[in-house]
Amino acid sequence: MDPLAALEEALASAAGMVAGAGTVDEIERVDAALLGRDSAVGRVRRSMAGLDPEERPRVGARLNEVTNEIRRLIDERRDELQAAEDASRLAEDSFDVTLESVRLPAGSRHLIHQVIDEVVDIFIGLGYRVAEGPEAELAWYNFDALNTPKTHPARLESDTMYLDWGDPDDEVLLRTQTSPVQARYMESHEPPVYIVAPGRTYRTDTVDATHLPVFHQIEGLAVDEGLTLGDLRGTLAHFAREFFGSGTEVRLRPSFFPFTEPSAELDVSCFVCAGSDPACRVCGGGGWLEMLGCGMVDPNVLSAAGYDPETLSGFAFGVGVERLAMVRHGLDSIKNFVDNDVRFLRQFR
Amino acid sequence: MKVSLRWLQEYIDLPTTDPAELSVVFTNLGHEVEGVETLEPDWTGVVVGKVLEVGPHPDADRIRVCQVDIGGGPTRIICGAWNFDAGAFVPVAVPGAVLPGGFEIGERTIRGVTSHGMICSERELGLGEDHAGILVLDGEEELGRPFAELVELPDVVFDLAIGPNRPDAMSMVGLARDLAAHYDIDFRLPADDLPTVPGDTGLTVAIEDPEGCRRFVAREIRGVTIRTSPMWMRHRLAKAGMRPISNVVDVTNYVMLELGHPLHAFDADTIAGGSLIVKRATDGETLVTLDGEERRLTPDDLIIYDADGPTSMSGTMGGERSEVGDGTTRVIMEAASWDPPTIMYMSRRHGLRSEASLRFERGVDPELADRANRRASALVASLGGGEVLEGFVDEVAASWEPAVVDLRMADVDRLLGPGLDAGTVADILGRLGLTVEPGDPMRVVVPTFRPDLARPADLVEEVARIHGYDRFEARIPTGPAGGLEPRQKRMRRVTEVLASAGLFQALSLPFVGLADLERLGVTETDLLTVKNPLRDEESKLRPTMLPGLLSALRRNLSHGASGVHLFETGRVFSVEPDVDDPRLPTQPMRLAWVMHGPFGMTVDGKGGVQADGRVSLAVWRRLAGALGIEARLLPGSAPGFHPGRTAAVEIDGVVIGHVGELHPEATRAWEISGRVGIAELDYEPLLAPVAPVPGFTPSVYPHVDFDLSFRVAPDALAGELLRVTSDAGGDLLESSWVFDEFRGPDGERAIAIRYRLRAPDRTLTGEDMAAVRQAMIDAAAAAGATLRGA
């Protein structure tokens, strides 16, 4: 066949063939059929060497034009088909992002420890250190060194657990408060003292919604020259604002503890209603929440530790960690903290 | 203490009666307000009337027609009660009145006679149960006066928590004194006149225990008639939460509430031998107290005896034998000063915490004994129609002195800051009833009703209390340098790592019973013991953390939990003396965990693993890695641990605990199905400081990997083989890991290890690798492993 006629025929049939290709695979076959070695165009290309030299440029020029045109048609179609296939592959390669299927193992620290660390960190920010002490403790440190006389009711077996151990004159008990850490720390450190002492404490209480025989306290103690009741109030107000929120108000009301004089209870304004809701579930409408006991360190406690109460003064406080956690998280039973139910623990990550 | 505002107002003219405002004042004075109850009359339209005439009903036998004056002349009222006569003062519900329950009173015609109101009984007014007759008032009253006024309604009752250091404030007068100091106003004491008749009580009193009783005052009142107390007294007592009983008993309670000194009344005719002796009881003696209980006495009990034996438990509860009853005519009124600890122990020992013991254990003013006795005797005489004998007993066994405290302004300034001047301080102390001699120091004489004020700091508290705790300028002092110690930081790190690894931190009570330990295979029975445990079966302090965690695991499983992984840090206890402080038992910190059920990445549990000893060890490796702890794992065993699936953890040659799996027998004993990964480790060694990690920059030169497969004994330790061959790799070894374990029949076993070599500064040569490889093979051979296929 005349090469030019063959080229025109190939070009004429190309559009139909290209359009007929429905997949990328088919367009590759069309590509071979139209431009491959054995295609009409391919045969013209191979026959070029045998052509009349006068005819060759003309045929050559047309060959290139036709090849380019067919190539263009094929490429266009291929791009189209490729895009369609990519789109449908992506459509298939998807998952429901709202369906959780992979989960990293995740536990949690106990809420009580989270609260302890949070409180400790507030005081670390004020230059305090963290002190520790034994849980099985001498009655001396738990009571006597803290100005608590032998006849104080707190020393009765109805309140305090005693251990069947050691010298009967040097009674050992399960500490009823973290305050003995105060006495121990002062005994072994020179003033000034700025410490917090978190830890476990024990009382002869059976488990119910508001009592545990084992609970946690954080003791705070500052002893320095020139510390006054105003320093106590400022420090605890700072703590309350950091822990419960910047709008928290505090009030100190007179109270009694053997190891402080003057003694006080600290109330914080209700962080839910600030006293505006008579039916508030947190404060019961009173507007204030009892938070902790505190006071100026009793001179007898300073003396027992070998400090001079004439030149030094200080303040101390003890806060119940369970109480802090219950108030802030709206928990109604203290039992939660020792039930170790993962459904409970999981809430506080 | 329940405080009726209306009653309190008898002693002080308060500038406000607003309950909210007074609550704040009580609070600021240190008397915590635990409740405020507003009392309103449950009726309207009831007034005082006087019965002028009582006559028969023309047409009915059982009711009478009365003429009653309620202030506007005679009114006709029909009444069915017969317990009164003309001249009686009675509560009258006038037409339009509404009685409790919404019962409206109108004019009513009964058998042709119209009644203009109703005369009321106590029950009809909701004031009591008495329905035997109408309520006849005690004396003359203003006609037409609202009846509610007579029972002091409306009223407000404050429930105050009085501190253990304030015996004085457990009384109306004490609270009035505090309020007067706060408002800087006056308060009034009750009348102190005591009409007496000549004569001497024949009673003798002997105090044989001056430590237990420093003063005993007794007066005799003759010719007393026991009857119901007047209405005003009964209602005041009821508002204070006390049940009215009879005039004599009510007077003792009334004066206790008024002045703060408890009293006791004896029927004088029942005091055998006419003498009372105060002494400690003899073991085994018994006394039947007023509540009908027979009390077994101990030598610590302080008892009042008569010639027949114990007759009253001092300061706590009287005895049945000498109780005042309906037939009593001769009353001995006792006011005695008891030793606070004696009463505190005795009342608790016998489970008898009474209003009296609550005051005595705080320390009642001995000075007050006679004052209270006079007041009570006078009231008994006036309410019971008797006469008080002039001659009375005032036995003093130990004297008392007011405390004298020298207060310097420096003491005030040190605790409260500068800002209060000496004049203010002296004024506040004076308002509280203290006598102040000016000067610096000022000399302060403290009356005996304030036993809590003995030192300068005590007085400073009073100054602050009255001035207002919240009026001192708030400051925030800071310490010189704070922060966590490295050890404390590592404690946080441990819990953070375990939590992020998927374990939940638990907190268990540290009490165990021997049965819990037996189920774990712990046979040790010499354990630290609580003398007074909550429950006998939990009297031991845990020697291991595992029982608490296993209980928690089992409880979770019973709630349907799947995949329970818990860890805990805390103390265990032993009877051995502590190395640093031998006065205390050893109480080291431990870290423990239990793991059960699916642990891993997929929600359906299929993509994870079942927790067991291997998983427990994986947790250990993660923890050790995060803490930079170099520890060796060796096969180990410990009570409760599976002997073939447990590693002993060794740091610097010391075993610090075990990580592995719960022993199948323990699993069965704890009624848990499936394997349980467990661990228990001494905590302190994990918290020891570690040297900083020497860092390096990763090499850019190519690596060479090769595998070695060793034939080993069935019980050989892969970890040890890995360790010795890796050590032989020297500096060129970058990493190594066991990638296969093969166990054939006949005890055949092989372990395959992949080693990766890389030099920091060059490309490795064939000779490098060959030398390393040979060194490893030699090291393995020395450890009893031969190269497979060699």
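In the text below, chain A, chain B and the rest are named by the order of the sequence lines, each starting its count at 1.
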**Q** Which distance, rounded to the nearest 0.5 Å, do you find between the OG of A:S255 and the CG of B:N165?
**A**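 One gets 8.0 Å once the value is rounded to the nearest 0.5 Å.
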**Q** Just how far is it from atom CZ of B:R362 to atom CZ of A:F256, taken to the nearest 0.5 Å?
**A**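 That separation rounds to 10.0 Å.
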**Q** Out of B:F504, B:F567, B:F573, B:F511, return the one with the most heavy atom pairs under 4.5 angstrom to chain A.
**A**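 Result: the option with the highest number of such pairs is B:F504.
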**Q** Just so I understand: if I count every heavy-atom pair under 4.5 Å between each of B:M344, B:R465, B:R555, B:H31 and chain A, which residue has the most?
**A**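 When all of B:M344, B:R465, B:R555, B:H31 are compared, B:M344 has the most.
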**Q** Do A:L229 and B:V460 touch side chain to side chain, with heavy atoms closer than 4.5 Å?
**A**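 No, their side chains stay 4.5 Å or more apart.
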**Q** Which value, rounded to the nearest 0.5 Å, describes the distance between A:H113 atom NE2 and B:E496 atom CD?
**A**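 Rounded to the nearest 0.5 Å, the NE2-CD separation comes out at 12.5 Å.
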**Q** Measure the CZ-CD distance between A:R109 and B:Q505 for me, rounded to the nearest 0.5 Å.
**A**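 Going from CZ on A:R109 over to CD on B:Q505, the span is 6.0 Å.
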**Q** Working to the nearest 0.5 angstrom, can you tell me the gap between B:D470 CG and A:R233 CZ?
**A**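 Separation between the atoms: 5.0 Å.
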**Q** Per the side chain to side chain donor-acceptor pair (under 3.5 Å) rule, what does the pair list look like for residues 151-168 of chain A, sequence neighbours excluded?
**A**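 Matches after skipping sequence neighbours: A:D144-A:R155.
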**Q** What option among B:E473, B:R571, B:E361 has the most heavy-atom pairs under 4.5 Å with chain A?
**A**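 Answer, by heavy-atom pair count under 4.5 Å with chain A: B:R571.
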**Q** Could you tell me if B:T27 and A:R253 have a donor-acceptor pair between their side chains, going purely by distance under 3.5 Å?
**A**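 There is no such pair between these side chains.
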**Q** Between B:R414 and A:E225, does a salt bridge (Lys or Arg N to Asp or Glu O under 4.0 Å) hold up when you go through it step by step?
**A** CA-CA 9 Å; B:R414 191 173 58 251; A:E225 285 176 19; over 6 Å; no
**Q** Drop me the distance from A:I116's CD1 to B:R492's CZ, to the nearest 0.5 angstrom.
**A**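 It is 10.0 Å, given to the nearest 0.5 Å.
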**Q** So B:L541 and A:L163, do their side chains get closer than 4.5 Å, heavy atoms only?
**A**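 The answer is yes; the side chains approach within 4.5 Å.
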**Q** Hey, are the side chains of B:P164 and A:F257 touching, using non-hydrogen atoms and a 4.5 Å cut-off?
**A**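 Not in contact.
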**Q** Check the pair A:T206, B:L534 against side chain to side chain contact (heavy atoms under 4.5 Å, CB included), reporting the backbone distance first and the verdict last.
**A** CA-CA 7 Å; A:T206 41; B:L534 289 161; 3.9 Å; yes
**Q** Output yes when B:R583 and A:D169 qualify as a salt bridge under the 4.0 Å nitrogen-oxygen rule, no when they do not.
**A**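 No salt bridge links B:R583 with A:D169.
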**Q** Would you call B:P585 and A:V172 a side-chain contact if the rule is heavy atoms closer than 4.5 Å?
**A**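 Touching, per the 4.5 Å side-chain cut-off.
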